[in-house]
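The chains referred to below are lettered A, B, ... by the order of the sequence lines, with proteins before strands, and numbering in each begins at 1.
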There are 2 protein chains.
Amino acid sequence: MITIKEIAQRLNMSTTTVSNVIHGKAGEVSEETRRRVEEFLKEVDYVPNINARNLAQNESKIIGLALKARVDKYENLIMDPFVAELIGGIEETIRNAGYFMMLYISRDTEKIMRHVSTWNVDGLILFGMLDDDGVRVSKKYKKPIVCLDTYSMEGLKHFTNVGLDDEQGAYNMVKYIISCGHERIAFLSDNTKGVDLARLNGYKRALEEAGIEYSEKDFLKIRPASAEIEASLDEICHRALDYTAIMCVSDLYAVTLMSALTDRGIRVPEGISIAGFDDNMLGSLYRPALTTVHQDVKQKGVVAAETLLKKLRGEETEAQITLPTRLVIRDTVTKPRKSSFMGRF
Amino acid sequence: MITIKEIAQRLNMSTTTVSNVIHGKAGEVSEETRRRVEEFLKEVDYVPNINARNLAQNESKIIGLALKARVDKYENLIMDPFVAELIGGIEETIRNAGYFMMLYISRDTEKIMRHVSTWNVDGLILFGMLDDDGVRVSKKYKKPIVCLDTYSMEGLKHFTNVGLDDEQGAYNMVKYIISCGHERIAFLSDNTKGVDLARLNGYKRALEEAGIEYSEKDFLKIRPASAEIEASLDEICHRALDYTAIMCVSDLYAVTLMSALTDRGIRVPEGISIAGFDDNMLGSLYRPALTTVHQDVKQKGVVAAETLLKKLRGEETEAQITLPTRLVIRDTVTKPRKSSFMGRF
DNA sequence: GAATTTTTGTAAAGGGGTTTTTGTCAAATG
DNA sequence: CATTTGACAAAAACCCCTTTACAAAAATTC
């Protein structure tokens, strides 16, 4: 690896001059010299030592992406397959701006913070954190931070959240379900926080508006831990018989549920209508194809990255950016079954 | 951010001493001093400046993961959703060894190489590269490299390939299909290179062994570009009628095909048997559940990372590591239909 | 033509660590 | 008692690049 010092030596000039050429400081270097240096740089295929440069400029050109992953029963980290899209969107955006991406996957906020300070990353994108974790991180570090899908924004001064209009999306879908004639509609999820809560609220609002009463038992709680998933599905499929439609909090759960129902001889949509949320490959390839709420995950990544880049340039950014959803009507929501017909095989 | 110099000043000693304590150089520092320094370090929560350290030590503690992504018709990069698992496996492994992961996604090998040299990463994992790209990269850079799923290993001295026993996996599956009574079995893929070629070869070997003749037209070529996918599936579904089973090169294609067949009124497995390869969520959640060949993608990432870490420690590593596959028998391969019955609805 | 400004280039001072060299002091050795 | 050895710490060099302060040369102004 050739250094700037060597180049200066060989060209019989000072390192400053070479550096000035590299940084395009016009007016400090004669046209003649600039040409000579540039040619030589090309010739030797000069690449600056990034550590030296960062040390001198006190920046890293690195953006950290911290993913809070779930862990399975063996304490292994698990990533949602669909974060790939998100990562892709972020990476593409920041790369075009000359930044690199450093990936941390962890469930430990403390560790993430330590990484950040060690690495001197210029900015941070947080995804999948618990709501207040994001706030805590942002309070401790003064670097620009963009959160994804975070709902509790008490300390929102220091960072931006990029989210989805979850409430409205769920509302629209449930409204559509009701318009198909359904009145007994359950909601399936595994928790009532953050995104899930927002979607639940949208569901409730649609019910209320239609004059349908909501009761606690209409919330079907799935337990996704692999040890419990089967028992959990068993119970849910049983309770599902009381409803004509189920609004699922995600496509993953919708498809999981459809499989479980199919295994138990209950047909979708003849026996029961199912709606999802997210619109990913899982639902679009399934048959019957899933009726769902679309969100553009990649776009979310792009917006998050663009917002962070803005912050890094010192530009003003909003505290909250909300992306829209869109209904995707496919085949799993139809009009409700007549009375007791469950579409059993 | 407190520096080592400040610490030394405040403690009334030299930076060397502090540095020695940090690096645990025993015998160079008195027990008393060491204790004093260590306490103080904890107190001020000292974190070394990574750029300075790397500059001094000429290493980065970064491992680059270069993913060669496909591009869609709008020239956007697309990532396979299931690389998330791979990334997870790699990240977890290297993090435990004190390394960080830097992610490049690109389709341009040149750019990747430039990144690598700019960033002074300690080692590189390449995935999804064209076969010879890996070789080219490894020839140009002397850093340790581990490739995933690369088949052309002409210049294999400098790097290790972590792959799968694709040939054997496909062979086993097709043998199983034949054992179910099938004789007209097609193979579905979009190319005949690398991994796909190996799987095709396994398929051919099983056919040959059973005395079934293979002809060019038994290769069903899918065109996955979004503009052509529908026409492509149309043609394939039509040609599928000549067969009683189709061995698909991946779960994604298997599920895509099943959806297309279902849409055209052909039932799986009553009308035609379908087998996949990879064993991901897509196939396990589909109904009928996909019979497929299992590979542990996360494990692949772990092995790749561990191998690279070995190289970085200067240990010897094999040039080729081949991971096993396992048959997953579910519901999409049964005995062949009688004559012309296609299981149409 | 002397004084002033502009252009062009250099030397030197960081930036924050690591590592080598040098030096001091006390204990051990002969 | 003189000398060697060992433990410890300080000083200085180095990693490579950026940037500031300054000097020399050229161009401009009066």
Side-chain angles (χ1 to χ4, degrees), chain A residues 1-41 44-62 98 100 114 116-122, chain B residues 1-41 44-62 98 100 114 116-122:
Chain A
M1 290 289 98
I2 193 160
T3 72
I4 217 174
K5 195 190 284 179
E6 269 178 69
I7 293 177
Q9 238 166 41
R10 291 224 241 153
L11 254 43
N12 237 333
M13 52 178 73
S14 77
T15 63
T16 312
T17 307
V18 179
S19 176
N20 279 338
V21 171
I22 290 170
H23 290 82
K25 304 241 163 123
E28 319 237 330
V29 142
S30 71
E31 205 40 57
E32 159 67 10
T33 315
R34 134 163 291 111
R35 218 190 27 71
R36 226 159 51 93
V37 174
E38 272 170 353
E39 258 173 29
F40 193 79
L41 287 176
V44 299
D45 200 17
Y46 170 75
V47 173
N49 179 311
I50 207 76
N51 286 316
R53 169 175 285 180
N54 290 340
L55 179 58
Q57 299 191 330
N58 192 33
E59 65 166 19
S60 64
K61 287 285 173 186
I62 299 181
F100 295 80
R114 200 132 4 101
V116 173
S117 61
T118 311
W119 255 101
N120 190 21
V121 302
D122 292 340
Chain B
M1 290 290 97
I2 193 160
T3 74
I4 216 173
K5 198 186 282 179
E6 269 178 69
I7 294 176
Q9 237 167 40
R10 291 225 241 152
L11 253 44
N12 239 332
M13 51 178 73
S14 76
T15 64
T16 314
T17 307
V18 179
S19 177
N20 278 338
V21 171
I22 290 171
H23 289 82
K25 304 242 164 125
E28 321 235 330
V29 149
S30 71
E31 204 41 56
E32 160 66 11
T33 316
R34 135 164 290 111
R35 217 188 28 69
R36 229 159 50 92
V37 173
E38 271 170 355
E39 258 173 28
F40 194 79
L41 287 177
V44 299
D45 198 18
Y46 171 74
V47 173
N49 179 310
I50 206 74
N51 286 318
R53 169 175 285 180
N54 290 339
L55 177 59
Q57 299 190 330
N58 194 32
E59 64 166 19
S60 65
K61 287 284 174 185
I62 299 180
F100 294 80
R114 200 127 9 97
V116 173
S117 62
T118 310
W119 256 100
N120 190 22
V121 302
D122 293 338

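Within 4.0 Å (heavy atoms only), A:S19 reaches at least one base atom of the nucleic acid.
Summary of the strand contacts: A:K5 and B:N12 both lie near DNA chain D, and taking for each the nucleotide with the nearest heavy atom, the more 5' one is attributed to B:N12. Take the nearest nucleotide of DNA chain C for A:T16 and for B:A56: the residue whose nucleotide is more 5' is A:T16. Checking A:Y46 against B:T15, the closest nucleotide of DNA chain D that is more toward the 5' end is the one next to B:T15.
Look at A:S14 and you'll find a side-chain N or O under 4.0 angstrom from OP1 or OP2 of C:dT10. Applying the 4.0 Å criterion to OP1 and OP2 of D:dC15, one finds that A:T3 has every side-chain N and O outside that range. Residue B:R53 places at least one side-chain N or O under 4.0 Å from the OP1 or OP2 atom of C:dT18.
In this structure, the side chain of A:R10 does not engage the main chain of A:F40 through any donor-acceptor pair within 3.5 Å.
To the nearest angstrom, P of D:dT19 lies 11 Å from CG of A:N58. The nearest whole Å value for the distance from the CG atom in A:L11 to the P atom in C:dT10 is 10 Å. Distance, A:I4 CD1 to C:dG14 P: 19 Å, rounded to whole Å. Distance, B:I22 CD1 to C:dG16 P: 14 Å, rounded to whole Å.
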